[in-house]
Number of protein chains: 2
Amino acid sequence: MLSKKTKYGLKALTFIARSEGDLPLQVAEIAKQEQIPQKFLESILLTLRKAGILGSKKGKHGGYYLRETPEDILMTDVMRVLEGPIAMVPCVSLNYYEKCDDCVDEELCSVNKLMLQVRDSTLNVFRNTTLADLSHPKG
Amino acid sequence: MLSKKTKYGLKALTFIARSEGDLPLQVAEIAKQEQIPQKFLESILLTLRKAGILGSKKGKHGGYYLRETPEDILMTDVMRVLEGPIAMVPCVSLNYYEKCDDCVDEELCSVNKLMLQVRDSTLNVFRNTTLADLSHPKG
DNA sequence: GTAATCCCTACTAAATTGATAGGAATAATA
DNA sequence: TATTATTCCTATCAATTTAGTAGGGATTAC
């Protein structure tokens with residue numbers, strides 16, 4: 001299952017991308033428009049900012065904005081920040097590889113074999129989808 | 001993350017497929033060979049039997065066996081039994097479709113748009129992979 | 001009738017998820 | 001400078017899920 005965190009994060013990013021204004025958008029407004037608990041959204045946007053996907057401005061009239069244009073924001077990056085590793089098992093993870101304790105030979109392991117294919121096909125989707133693709137009505 | 005249940009289930013199925021004997025295999029032996037807690041594996045194999053993927057024989061010299069040849073056992077079926085719906089959100093699920101409470105227009109929803117693609121690509125892998133593919137050293 | 005095996009139910013500890021609460025720090029503006 | 005609006009940070013918490021464990025009933029081979 002996709003976590004609420006990721007779901008909310010994607011919705012928020014799309015909302016910001018669609019706004020296209022120069023002004024930063026406030027958590028309160030995004031939360032209201034997208035029906036997301038405000039405090040929860042606050043922590044999610046903070047995560048996205050720390051990851052370099054969003055920028056922020058503090059104080060009155062502050063808020064969040066995209067660091068790059070939607071066309072340049074890849075889902076690989078967004079999903080890794082929000083949902084964690086794309087691979088479903090560490091032994092097929094590109095960025096967080098870890099050998100299984102039990103596994104004697106990875107090449108013989110059926111779990112490894114199957115999940116490697118799933119990772120590749122999912123990665124292919126994320127690598128070819130930008131925030132712009134998700135933000136346009138048709139696409 | 002892939003659950004241990006699914007991981008163990010896949011390993012057990014592969015183990016059975018590789019054995020190829022006429023005799024049913026016992027939980028105790030599979031558990032020992034694949035380093036899986038026996039009682040846990042028991043409940044997993046029971047699930048697979050109830051789903052029609054495994055058959056069982058009770059009593060002394062009993063055990064589990066495949067209901068079909070490995071070539072005919074598709075990962076779509078196995079994964080749905082072990083891990084649940086393949087879609088990461090109910091609104092893109094083929095078999096368990098459910099509309100989101102909040103979502104006004106699914107065609108505008110970025111989460112829907114992205115997860116639909118992920119579902120399709122994952123489904124494509126599972127539909128084209130059989131237990132036989134996972135059981136052979138090369139493949 | 002005994003031993004080996006699957007079958008079934010119930011319970012539990014640990015981790016994760018989806019929040020909520022409270023306030024500190026910062027910036028605009030009157 | 002005081003006020004207000006906002007992000008930033010830490011801590012806490014309830015519900016759910018996961019990964020098992022425990023105990024014994026039912027069935028079959030021998």
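So that the names make sense, note that chain A is the first sequence line, chain B the second, and so on, each numbered from 1.
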Notebook entry, point to check: Going by atom types only, do B/T69 and B/D72 share a side-chain donor-acceptor pair under 3.5 Å?
Noted result: yes

Margin query: Under a 3.5 Å distance rule, please check whether B/R49 uses its side chain to pair with a backbone N or O of B/L54 as donor and acceptor.
Written below: no

Next item on the list: Examine D/dT7: is either OP1 or OP2 under 4.0 Å from a nitrogen or oxygen in the side chain of A/R49? Give yes or no.
Entry: no

Check: Could A/E29 and A/K32 be called an ion pair, given the rule that one side-chain N must be under 4.0 Å from one carboxylate O?
Finding: no

Check: Once you round it to whole Å, what is the distance between P of D/dA26 and CD of B/E42?
Finding: 16 Å

Next item on the list: May I have the distance from B/I44 (atom CD1) to D/dA19 (atom C1'), rounded to whole angstrom?
Entry: 9 Å

Item checked: Counterpart residues, ring pair (Phe, Tyr, Trp, His ring centres under 6.0 Å), relative to A/Y8 (two or more places apart) -> A/F40

Note to self: In this structure, how many angstroms lie between the P atom of C/dC7 and the NZ atom of B/K60, rounded?
What the structure shows: 18 Å

Next item on the list: Mind calculating the distance between CG (A/L46) and P (C/dA25) to the nearest angstrom?
Entry: 16 Å

Check: Does a sphere of radius 6.0 Å around CZ in A/R18 hold more than 12 heavy atoms from other residues, nucleotides or ligands, not counting ones at 6.0 Å or beyond?
Finding: yes

Margin query: With a cut-off of less than 4.0 Å, is there a side-chain N or O of A/K57 near OP1 or OP2 of C/dA28?
Written below: yes

Margin query: Tell me the interatomic distance from B/I30, atom CD1, to C/dC6, atom C1', rounded to whole angstroms.
Written below: 12 Å

Item checked: Protein-nucleotide distance (A/K4, atom NZ; C/dT20, atom C1'), rounded to Å -> 16 Å

Margin query: Can you measure B/Q38 atom CD to D/dG23 atom P for me and round it to whole angstrom units?
Written below: 15 Å

Next item on the list: Could you tell me whether A/K7 contacts a base, only the sugar-phosphate backbone, or nothing, with contacts defined as non-hydrogen atoms closer than 4.0 Å?
Entry: nothing

Next item on the list: Ignoring backbone atoms, establish whether A/S56 has a side-chain N or O less than 4.0 Å from OP1 or OP2 of D/dT6.
Entry: no

Next item on the list: Quick one: label B/K39 by what it contacts on the DNA or RNA (base, sugar-phosphate, nothing), any heavy atom closer than 4.0 Å.
Entry: base

Notebook entry, point to check: Tell me: NZ of B/K58 to C1' of C/dC8, nearest whole Å?
Noted result: 10 Å

Next item on the list: Indicate whether OP1 or OP2 belonging to D/dC8 is found under 4.0 Å from a side-chain N or O atom of A/Y64.
Entry: yes

Item checked: Nearest-nucleotide pick for B/F40, side chain only, options being C/dC8, D/dC8, D/dT21 -> D/dT21

Item checked: Below 4.0 Å: OP1/OP2 of D/dC30 and any side-chain N or O of B/H61 -> yes

Check: Within the structure, does a side-chain N or O atom of A/Y8 lie under 4.0 Å from either OP1 or OP2 of C/dA19?
Finding: yes

Item checked: Side-chain N or O of A/K50 closer than 4.0 Å to phosphate OP1/OP2 of D/dC9 -> yes

